[in-house]
Amino acid sequence: ILNVEQSPQSLHVQEGDSTNFTCSFPSSNFYALHWYRWETAKSPEALFVMTLNGDEKKKGRISATLNTKEGYSYLYIKGSQPEDSATYLCAFINNAGNMLTFGGGTRLMVKP
Amino acid sequence: EAGVAQSPRYKIIEKRQSVAFWCNPISGHATLYWYQQILGQGPKLLIQFQNNGVVDDSQLPKDRFSAERLKGVDSTLKIQPAKLEDSAVYLCASSSYQGPDTEAFFGQGTRLTVV
């Protein structure tokens with residue numbers, strides 16, 4: 001069983017604050033890393049899919065970086081808004097197949 | 001395109017009862033996953049299908065859980081008999097899997113409460 005860890009487990013920020021979370025994964029046999037956002041009562045939806053060391057991806061105020069050699073990815077949210085409140089999940093795929101192994105998630109709450 | 005459909009959305013049963021969940025993946029998606037998400041934890045893969053064959057079921061408690069994907073489309077996940085610790089959200093996801101950068105699409109999940 002692969003070990004994928006996320007920190008922090010939960011985070012409370014004020015509207016307008018910028019924040020970031022970490023996803024740690026095995027650095028060997030890396031294939032891909034996915035980031036998902038899961039809002040309450042909705043389906044998890046993909047934010048980014050990253051495959052290359054040094055990758056940086058951006059979608060609006062959210063961006064992510066990837067370091068496959070040391071086994072971590074950062075997700076950044078600039079100027080947090082209440083609608084960013086959700087659980088952010090990372091999922092690792094190793095080169096043995098297409099199985100997504102999820103971390104425990106970071107629960108973000110943005111106060112107006 | 002239509003998303004991944006799951007039913008029911010919520011289910012409350014007593015321990016030792018049986019329950020079944022249904023998933024209809026996105027049309028054409030060969031890969032189907034069932035995940036169990038216990039409160040405060042990340043989703044745990046229970047079983048992964050490729051068409052109607054099982055790719056991985058190493059974390060499926062086979063003494064009480066079973067899953068099938070007849071004809072490589074819809075899938076059902078059954079728990080028989082249920083235990084209190086089975087209370088969780090059961091998520092179904094599907095993917096066309098054309099490479100490591102292929103995202104998975106999730107249903108809204110079934111929230112199971114075992115009392």
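Below, chains carry the letters A, B, ... as their sequence lines are ordered, and counting in each starts from 1. Just so it is clear, the structure is predicted and the values come from calculations on it, not from any experiment.
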### Query
Could you walk me through whether B:Gln50 and B:Thr31 pass the side-chain hydrogen bond (donor to acceptor under 3.5 Å, both in side chains) check?
CA-CA 5 Å; B:Gln50 184 74 14; B:Thr31 304; 2.6 Å; yes
### B:Lys62 with B:Asp57: basic N within carboxylate O range, under 4.0 Å
yes
### Message
Let me check something: do B:Phe21 and B:Phe49 share a hydrophobic cluster, defined by ILVMFWY side-chain heavy atoms less than 4.5 Å apart, either directly or through other members?
### Response
yes
### Message
Using heavy-atom distances under 4.5 Å, tell me whether B:Gln41 contacts chain A through its side chain, its backbone, both, or neither.
### Response
backbone
### Task
Using non-hydrogen atoms and a 4.5 Å limit, figure out which bit of B:Thr102 sits close to chain A: side chain, backbone, both or neither.
backbone
### For chain A, the option from B:Arg9, B:Gln37, B:Gln6, B:Arg111 that forms the most heavy-atom pairs under 4.5 Å
B:Gln37
### Summary
Looking only at A:Ser10, A:Cys90, A:Ala41, A:Pro44, the option with the highest number of non-hydrogen pairs under 4.5 Å against chain B is A:Pro44
### Query
Looking at A:Val49, A:Leu100, A:Thr87, which hits side-chain contact (heavy atoms from CB on, under 4.5 Å) with A:Tyr36?
A:Leu100
